[in-house]
Structures are given as C-alpha cells and as structure tokens.
Amino acid sequence: MKLRSEGLPRAGSGQPVPGGTAENCSHAALFTKAEELLAKRMAGGDPLARFLKGQLYYEEGLYEEALIQFEKIKATDFQAMYQLGVMHYDGLGTKEDPEKGVECMKKILDSDSPAARHLKFAAAYNLGRAYYEGYGVKQSTKEAERLWLIAADHGNPKASVKAQSTLGMLYSVSVLKDLKKAFFWHSEACGNGSLESQGALGVMYLYGQGICQNTKAALECLREAAERGNIYAQGHLVEYYYNRKFYSTAAAVAKRITENDNIDELAEVTDCLPTYIAKGVAMAAFYLARCLQRGLGVQQDPATAKKYYSKACLLDPAVASDLELAANLGRI
C-alpha cells in the first residue's frame, strides 16, 4: 500500500529557476539550476530551503538523497516529518518500516503546533489507510472510519477530498455498508472535484442506490466523469448504451476503453482505484464481445469476441461472471 504525499509545496516554492524554460533547457540542466538556487537560499538562511531541496530529490526519485535532507530537519519541520512517514512506510530510500511511518503520521495528527495544522487532514487519511489494511498497526475498520471522518472534516473542500471519496467507498461495500452515507460522502467529494466519486455518483443515480433513481442526473455524472477519464463511468455508459440498443455506440465506446488495459498506469493518471478501473474495462470488454458475437452494431466476429470475453474474465472474474449469467438468462 502506498501512502499519499499530498498537501506539500513543490520544490522551488513557486519561484522561477533562472536561465530559461523547459522549452530551451534540458531536464538535467533545470534540475542542476534548481539545486544551485536552493543551495543559495540555504546559505542565506531560508528556513524552507532544505525541505524544498529534499522535496526536489523526492520528486526526481532520488529518495536516499531526499531522506538525508528530511532527517536533518525532522525535529523542527512537520513537512519533513510527513515525507519521512511516507518514505518509511513505503520503503523509499530506506528499509520499509510501516510502524515508523505510522508513528510520524500520529505525531503530526496529535500535535498542537500551528505548523502541523495544514498536514493533519493528509496524515489522518494515511493513518486511516494503515488501519484499514492492518499494515503497521492492528487492523480496524472502525478506527479507519474514525480517522477518515477526521480527514474529511464534514466535506470541507480544504480537507482531504480523497478521504471523502474513500468514505463513500467504505459505506458502499464494507461491513459498515450504508448507501445513504455513501451517497452523502460521494456527493461531498464530487463537489470538491473528485473524479472517482463523480463516477460512483453516476452509478448510484442510475440504479437508485442511496438516492431515488434519476437517469438524467446519472447520465450527466457518468458522461462528465467519462470525459475526465473515469474508466468505471465509461464502462457503465457502455452498459447503458447496450441496454438501450444503441449497439454501434456501445461497441465504439467499448473499443476505445479496451485499447488501454494498463490498470496501474490508468490509476496513476486518473487517481482512481485500480479495482474500479479494472471493473470498467472488464464491462467494456464483455459488452464488446457480446456485440461481436451477435453482430450487434458491428460485423459479426466470433473469434475476436472470444478474445474480449477472455480479457473481461482476466480483468475482473466477478464482473464477467455476473454479466455471463445475465446473458445466459437473456437479460442482455
């Protein structure tokens, strides 16, 4: 499980690097100039410069160098402590030590210092993930819920939007299942810009989960989320088009979705959960296979249909099984 390195300033702190732009300097040259600039700021007594130097190394994947910088100021800089927590937890530049990572996050969350205030939401979110997965601490879904509620801060847009979206997921599928709460938190997260929750809201409106069924609202959410890159929303749009016999549209959209099945890459780009991305691609693959098998909206091609059925099964066996049962019962 990877912790989130969020809520921190980027190296350079918004100040330009002298000597040109990305268009006329190589990346290596820009990196060197950034190092030089930060070294001058450190020599001049800038209290933020050492953290920014560590952050520069962190963003470049130079984790051992970043660790050295953060260690030097961890006693006085909560931002450095936060990054050290992430690095110890995930084993970046040092041996993986989830207990030490959790300890750093707890210190930030429990601190009364004003300097720690802007990191508390992110620390609470990460601690919630640790408790939910039982990594570095004893597993506790209730403690994860408590921490995510702190991180979500009643839907405050300045809080952890990821925690708000995660609560929506938690109340959708876990032992704490409560679809009205799920709808509330997905609504808060969507209003604060969450792509994940926008797609989830579309599905909830479409099937009347936690809210009265509203096809118009569902399509607005799903289409906008799909345009922003939410694969789960795209998969449900394929299903919607297929069920309404818009077969050529369903097949065309499904074909585009299935062209990229690199789930990890898609998760990195969209900041959506890999599990739901896989479900979206699996849905698209199955419905494309169905169109190819029956010649609906496309030329009939049983051989290619088999390939897409196999892709759906590999990506998400449960989704493929449910859709196969629906097909066998004549529902799709």
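Below, each value reflects all heavy atoms present in this structure, side chains not excepted, and no hydrogens, waters or symmetry copies.
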Step through the shown structure and confirm whether more than 12 heavy atoms of other residues, nucleotides or ligands are within 6.0 Å of CD on E268. no

Heavy-atom side-chain contact between I211 and L201 under 4.5 Å: no

Regarding E103 and K106, does a basic nitrogen lie under 4.0 Å from an acidic carboxylate oxygen? no

When the ring centroid of Y171 is compared with that of F183, is the distance short of 6.0 Å? no

Could you work out, with ring-ring contact (aromatic ring centres under 6.0 Å, His included) as the rule, every residue matching F70, not counting sequence neighbours? F51

So do V238 and M283 actually touch side chain to side chain, heavy atoms under 4.5 Å? no

Transitively linked via ILVMFWY side-chain contacts under 4.5 Å: L127 with V161? no

In the structure I gave you, are the side-chain heavy atoms of C272 and Y232 within less than 4.5 Å of one another anywhere? no

D271 and K162 ion-paired at < 4.0 Å: yes

When every non-hydrogen atom of A226 is compared with those of A233, the smallest separation belongs to N-CB, 4.0 Å

Restricting to non-hydrogen atoms, name the atom on A130 and the atom on V102 that form the minimum distance, rounded to 0.1 Å. CB-CG2, 4.0 Å

If the test is side-chain hydrogen bond (donor to acceptor under 3.5 Å, both in side chains), which one of K74, R50, Q55, Q83 qualifies with Q69? R50

Taking the six-membered ring for Trp and the full ring for Phe, Tyr or His, determine whether the centres of Y63 and Y58 are under 6.0 Å apart. yes

Salt-bridge test for E259 and K255: reply yes if a basic N is under 4.0 Å from a carboxylate O, no otherwise. yes

Okay, side chain of S194, backbone of S197: is any donor-acceptor separation there less than 3.5 Å? yes

Mind checking the CD1-NZ spacing from I68 to K53? Nearest 0.5 Å is all I need. 10.0 Å

So, T258 side chain and A254 main chain: donor-acceptor pair closer than 3.5 Å or not? yes

Please determine whether side-chain contact (heavy atoms from CB on, under 4.5 Å) holds for the pair L52 and R41, giving the CA-CA distance in whole Å, both sets of side-chain angles, and the decisive distance to 0.1 Å. CA-CA 10 Å; L52 290 173; R41 289 173 61 174; 3.7 Å; yes

Residue pair Y89, N126: steps toward the side chain to side chain donor-acceptor pair (under 3.5 Å) verdict: CA-CA 10 Å; Y89 200 95; N126 281 334; over 6 Å; no

Which distance, rounded to the nearest 0.5 Å, do you find between the NZ of K120 and the OG of S111? 5.5 Å

Main chain of V319, side chain of K279: is a donor-acceptor contact present, judged purely on distance under 3.5 Å? no

Verify same cluster id: V86, F78 (apolar side-chain graph, 4.5 Å): yes

Measuring only between side-chain heavy atoms, which start at C-beta, is L37 closer than 4.5 Å to K33? no

Honestly curious: do M105 and M87 fall in one hydrophobic cluster under the side-chain, below-4.5 Å linking rule? yes

If you look at every heavy atom in W185 and G155, which pair is closest and at what distance? CZ3-N, 3.7 Å

Do the side chains of S172 and H186 get nearer than 4.5 Å, heavy atoms only? yes

Gap separating the CG atom of L48 from the CD1 atom of I73, nearest 0.5 angstrom: 8.0 Å

Side chain proximity check, F31 to Y57, heavy atoms < 4.5 angstrom: yes

Where the side chain of Q139 meets the backbone of E133, is there a donor-acceptor pair that is under 3.5 Å apart? no

Answer yes or no: does atom CZ of R244 have more than 12 heavy-atom neighbours from other residues, nucleotides or ligands under 6.0 Å? yes

Specify the closest pair of heavy atoms between G168 and A182, including all atoms of both residues, with the distance to one decimal. O-CB, 3.4 Å

Would you say D153's side chain and N156's backbone share a donor-acceptor pair under 3.5 angstrom? no

Within the side chain of K40, is there an N or O that forms a donor-acceptor pair under 3.5 Å with the backbone of E35? no

Verify, without hydrogens or angle tests, whether Q293 (side chain) and P302 (backbone) share a donor-acceptor contact under 3.5 angstrom. no

Exceeds 12 heavy-atom contacts within 6.0 angstrom, atom CD of E99: yes

Do V253 and L323 sit in the same hydrophobic cluster, where Ile, Leu, Val, Met, Phe, Trp and Tyr count as joined when their side-chain heavy atoms come under 4.5 Å apart? yes

Does CD in Q299 sit with more than 12 non-hydrogen atoms of other residues, nucleotides or ligands closer than 6.0 Å? no

Under a 3.5 Å distance rule, please check whether W148 uses its side chain to pair with a backbone N or O of Y125 as donor and acceptor. yes

Straight-line distance of D77 CG to M81 CE, nearest 0.5 Å: 9.0 Å

Separation between CG of N260 and CD of E265, rounded to the nearest 0.5 Å: 5.5 Å

To the nearest 0.5 Å, what is the distance between CD on E65 and CG on L56? 10.5 Å

Could you list the donor-acceptor pairs under 3.5 angstrom formed between side-chain atoms of residues 173-181 and any protein atom two or more places apart in sequence or on another chain?
residue	atom	partner	partner atom	Å
S174	OG	L170	O	2.6
S174	OG	L176	N	3.0
D178	OD1	K180	N	3.2
D178	OD1	K181	N	3.2

What pair of heavy atoms forms the shortest contact from C291 to Y247, and how long is it? SG-O, 4.1 Å

State whether a side-chain donor-acceptor pair under 3.5 Å links N230 with Q198. no

So Q164 and H154, side chain to side chain donor-acceptor pair (under 3.5 Å) or not? Walk me through it. CA-CA 9 Å; Q164 295 163 10; H154 305 289; over 6 Å; no

Please answer: with hydrophobic residues joined when any side-chain heavy atoms are less than 4.5 Å apart, are F286 and L206 in the same cluster? yes

If the test is ring-ring contact (aromatic ring centres under 6.0 Å, His included), which one of Y309, Y242, F246 qualifies with Y287? Y242

Would you say D90's side chain and L92's backbone share a donor-acceptor pair under 3.5 angstrom? no

Is the closest side-chain heavy-atom distance between M169 and L273 below 4.5 Å? yes

Compare every heavy atom of A124 with every heavy atom of I150, then report the nearest pair and how far apart it is. CG2-CB, 4.1 Å

Does the side chain of T94 come within less than 4.5 Å of H88's, by heavy atoms? yes

Under 3.5 Å, is there a donor-acceptor pair between the side chain of T270 and the main chain of L266? yes

